[in-house]
Amino acid sequence: MFTIKEATNKPIIGITGNYEKKTKRYSIGSQYIKAIQVSGGIPFLLTPFDEIPLFIDGIVFSGGDDIDPLLFGEEPYANMHSTNIDPSRDAFELSLCRYAFSKKLPILGICRGMQLLNVADDGKLFQDIYSQNENLLEHRQQVMNSHKIHKVTCTENSHLFSIFGETTFLVNSLHHQGVSSLGKNMIATAKSSDGIIEAIEHKTLPFVLGVQWHPEWLTDHFILFSTLIQRCETNGGKKKS
Ligand code: MN
């Protein structure tokens with residue numbers, strides 16, 4: 001008998017799953033699994049009602065349905081193009097996120113996952129960016145997910161700039177919500193030209209990065225996953241010499 005930690009030298013990356021009511025299945029897109037695997041991590045699906053597994057080295061908060069607006073202090077407005085909400089997933093991810101903050105675990109938040117990081121840090125969201133802002137770009141692309149449709153510009157003093165080495169680059173875009181006011185420990189490190197926040201980072205924790213786009217569909221953005229995994233290796237000292 002050996003424990004999961006003893007079975008591998010690779011960092012174990014918890015990834016939050018989505019519950020589909022219709023099929024009664026927890027699932028995660030295979031592109032997330034591939035991105036973690038090819039970047040050197042072991043993906044481990046996290047589902048609501050689990051205890052938080054203490055052996056995970058880092059976390060990917062995945063995309064999915066809207067976060068319940070009550071969790072950032074708002075009642076749902078009408079006609080906000082809202083998706084289904086999953087109270088179990090929301091509650092589990094918020095407690096998981098606060099646990100990860102307390103343990104300084106490296107975190108990558110993607111789309112809803114970025115929004116979740118912000119709400120866990122007492123920030124707020126636009127329930128629907130189109131109803132609450134004017135003159136926006138297209139952020140809900142109809143072309144295939146692997147196509148990049150709009151630019152983002154990042155600040156130079158950011159993880160993003162260290163990772164990509166340039167301030168402006170193209171991303172895909174599959175969201176109708178966004179960060180409206182930042183959590184108390186978060187800074188916006190990338191925006192699109194219409195002012196929508198496209199990335200947030202924690203001011204003091206070593207590696208907490210949220211991106212509004214979907215790097216799991218962009219093989220040249222897998223560097224976000226490999227950076228997360230490298231940060232897990234240096235954090236937990238898992239690498240054997
Ligand atoms: Mn966008």
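These values consider heavy atoms only, across backbone and side chains, with no hydrogens, waters or symmetry-generated copies. Residues take their numbers from the sequence shown, with the count starting at 1. When a ligand or atom number is given, it counts from 1 through the structure's own listing order.
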Just say parallel, tilted or perpendicular for the rings of Phe207 and His159, cut-offs at 30° and 60°. tilted
Enumerate the side-chain hydrogen bond (donor to acceptor under 3.5 Å, both in side chains) contacts for residues 212-224, please, sequence neighbours excluded, ordered by first and then second residue. Tyr32-Glu216, Gln115-Gln212, Lys148-Asp220, Trp213-His221, His214-Glu216
Side-chain donor-acceptor pairs under 3.5 Å in residues 69-85, sequence neighbours left out?
residue, atom, partner, partner atom, Å
Glu74, OE1, Gln127, NE2, 2.8
Thr83, OG1, Asp66, N, 2.7
Thr83, OG1, Asp66, OD1, 3.3

May I ask you to decide whether Asp68 forms a salt bridge with Arg89, counting only side-chain N to carboxylate O separations under 4.0 Å? no
Protein N, O or S atoms lying under 2.8 Å from the Mn ion (ligand 1), listed by chain and number: His139 ND1, His150 NE2, Ser173 OG, His175 NE2, Glu198 OE2
Which class fits the ring pair Phe44 and Phe55: parallel under 30°, tilted 30 to 60°, perpendicular over 60°? perpendicular
Quick note, salt bridge (charged side-chain N to carboxylate O under 4.0 Å, His left out) partners involving residues 133-147, not counting sequence neighbours, are Glu138-Arg140
